[in-house]
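Only this structure's heavy atoms are used, side chains among them; waters, hydrogens and symmetry mates stay out.
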2 protein chains.
Amino acid sequence: MPTLEDVARRAGVSTATVSKVLSNTPYFTAETRDKVLKAVKELGYVPNLAARALAAGKTHIIAVVFPYVYDAIFTDPLIMLILQGIEAECTQQGYNLLLSTPRLSDEAVDPIYLQLVQSGYMDGIIAIDNHPRVSALEPVHQRGIPAVAIGYHPTRYYVRSADQQGGYQLMQHVLDLGHRRIGIISVPETMHPSIHYRLVGVRQAAEQAGLDARAIPEWDGDFSTPSGAAAAAHLLSEHPDLTALVCLNDRMALGAIQQAREMGWRVPDDLTVVGYDDIPYAAVFSPPLTTISQQAPELGRVAARMLLEVLRGGQPEPSEVSTHLIVRQSSAPPRTAQ
Amino acid sequence: MPTLEDVARRAGVSTATVSKVLSNTPYFTAETRDKVLKAVKELGYVPNLAARALAAGKTHIIAVVFPYVYDAIFTDPLIMLILQGIEAECTQQGYNLLLSTPRLSDEAVDPIYLQLVQSGYMDGIIAIDNHPRVSALEPVHQRGIPAVAIGYHPTRYYVRSADQQGGYQLMQHVLDLGHRRIGIISVPETMHPSIHYRLVGVRQAAEQAGLDARAIPEWDGDFSTPSGAAAAAHLLSEHPDLTALVCLNDRMALGAIQQAREMGWRVPDDLTVVGYDDIPYAAVFSPPLTTISQQAPELGRVAARMLLEVLRGGQPEPSEVSTHLIVRQSSAPPRTAQ
DNA sequence: CGGCTCTAGTTAAGCCCTTAACTATAGCAT
DNA sequence: ATGCTATAGTTAAGGGCTTAACTAGAGCCG
């Protein structure tokens, strides 16, 4: 592989000139520039990134960190959609993506991850979500590496989904259709701040419609499809007068629909079921699911842009990405209202 | 951040000694070793990876390349499961993962990708799958970077799923249940070698059971759920006597089940439907889908192991990962046989 | 006891690039 | 003509690590 020196020799200039021409430093004649670029092209010169990293202290690597807290992290559509957004923005701006999935536990940070962070290998970090107790960003901050968090990390730069808005939109949609006897399928509220805020939004809409938020039947699952089915089974047998189920994620909503169907309810004719997240499968399920889109790729893109801004010396404001209601066929006015 | 020199000074030895002790070179007294390690610990020294990469020519970075040939690549469960396997193995062996999703087109290779490959930034490459015409590995080979392909890349080191075996197992299962009037939902056979081999396996099983493989009704979709529904609609109306549908991926199978249901068929009572891939959702669908598992994470793990072996100077043999039949509730004996 | 082989550690060159500091020339106002 | 500024390019000092080549002492043999 040709080096800077080879190019300099061929172009008849110094290595400094080549380096500067390649990084678009001003004060060079068009002639010199052309000579250099010609030599670069002829030799097929590509800068050695390791050398550049060492000399400049910049690697052009962004690490995406998502703690390996549960098994199926690579098949979590939300995380992957966020990753897609990050990837698109970083690639476009000439940054490479390093994947890091530290095994965080309550006691300690993954030592391999720690090494990586301290090795000066990356210019910045985007952390997706947070572990309930240990923060993946702590060692990062200690080392002063620019970082952006997606979610509820307590940190300077972050991007969040408008969870409260999403919860509100979802409940409002169900209320608008005329439903008043509504059940909620959630997860334990303390499990995750995003869930908490979604519930705040849901309750806000309920109160505004004159309902007593505390009286709404609610049952907790664990995000999984079977747990959604179980929750639906419970709610529908305890409260057979329900006309709608509001689920705080799509997988539980799909489980709820399956369960309702098995219990003889038709969706949406007898029962409206709505979800949250707009996972890819929501659109092709039967019936296609009414849900809230978090715009996950946008979340990733905004986070990437924010980090790159920080790397350029900027001080961007934290940002919130709006949610969208996506109306499909799993929701309809209640029977009695027809 | 402390450097090698700081450690050397504190331990009262040369930088070379520190470097060698840290890389487990022999010929050092236990005493020297201890002095060095003590200094390392006290200073919290972590080697600078950029410097190490420059000096040693090794970055400990493995690039995972999956061409961005279609939109939903980040939500393709197969790819993500493979990635998970790769990640597990690489992390364990102290390698970092760089994600690269070149935008390949028929005419040219993504220039950014090309730069990356030639920049000497990574020790090796794992390429997932292949673009029908342009190979992501061509520039890699030109540069002599160790590479392993997952799929049908024409390259020295590769890992494949036993597609023919999988097709055979799938068809055999349906035949074993007693079905003889079977429809196939596939994609155009020339679209992808893996599909071709699956079909070879399917036909082999059919012939062995005394069926005329050429007479089996077949309709092509495009991997998507709606296309599976459309294919099922076509096959079931043209051939109402069918008792089973063999689908070459899960998403089409799910679409087929939805469609069959809407046309009044019950699954599996009136119609057996089986898929291929064992995507996560297959297990929680209603009914849970009988399908073939490619053991995608294992595919990734094997590929990673193979690459690391090559990096150590080995010459591993290409490898094939077995498929498994996973029987769930979408398949049952045909009505007439009961 | 000279010469040889091990063992244990050091010296210093180099990996390839960036960039601060410097030189040199031209153009211009005074 | 002098001094100044802007332009155009060079020199050389690193950045932090690895490793080939070397030194030096110890142990051993004939």
Counting just side-chain N and O atoms, does [X] come under 4.0 Å of either OP1 or OP2 of [N]?
| X | N | value |
| --- | --- | --- |
| T3(B) | dG16(D) | no |
| T32(A) | dA8(D) | no |
| T29(B) | dG9(C) | yes |
| R52(B) | dG16(D) | no |
| S19(A) | dT18(C) | yes |
| Y27(A) | dA8(D) | no |

Separation of [X] atom [atom1] from [N] atom [atom2], in whole Å?
| X | N | atom1 | atom2 | value |
| --- | --- | --- | --- | --- |
| L54(A) | dT18(D) | CG | P | 12 Å |
| M1(A) | dC15(C) | CE | P | 16 Å |
| N24(A) | dG9(D) | CG | P | 15 Å |
| H60(A) | dT18(C) | NE2 | C1' | 13 Å |
| N48(B) | dG15(D) | CG | P | 12 Å |
| L4(B) | dT11(C) | CG | C1' | 15 Å |
| K58(B) | dT18(D) | NZ | C1' | 12 Å |
| K35(B) | dG9(C) | NZ | C1' | 10 Å |

- prompt: Closer to the 5' end of DNA chain C via nearest nucleotide, is it V46(A) or T15(B)?
  reply: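 Looking at DNA chain C, the more 5' nearest nucleotide goes with T15(B).
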Would you indicate what [X] reaches in the nucleic acid, counting non-hydrogen atoms under 4.0 angstrom: base, sugar-phosphate, or nothing?
| X | value |
| --- | --- |
| P47(B) | sugar-phosphate |
| A16(B) | base |
| S23(B) | nothing |

Is the closest side-chain heavy-atom distance between [X] and [Y] below 4.5 Å?
| X | Y | answer |
| --- | --- | --- |
| M122(A) | V117(A) | yes |
| Y113(B) | T101(B) | no |
| Y121(B) | I61(A) | yes |

task: Identify which nucleotide among dG14(C), dG15(D), dC17(C) has an atom closest to any side-chain atom of Y45(A), counting heavy atoms from C-beta outward.
output: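 When the side chain of Y45(A) is considered, dC17(C) is the closest of dG14(C), dG15(D), dC17(C).
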query: Between dT11(D), dG16(D), dA21(D), which one does the side chain of S14(A) approach most closely?
result: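 The answer is dT11(D), which lies nearest to the side chain.
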Flag, side chain of D123(A) to backbone of H60(A), donor-acceptor distance under 3.5 Å: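 At least one qualifying donor-acceptor pair exists.
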query: Would R9(A) and E5(A) pass as an ion pair if we require N to O under 4.0 Å?
result: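 The answer is yes: the pair qualifies as a salt bridge.
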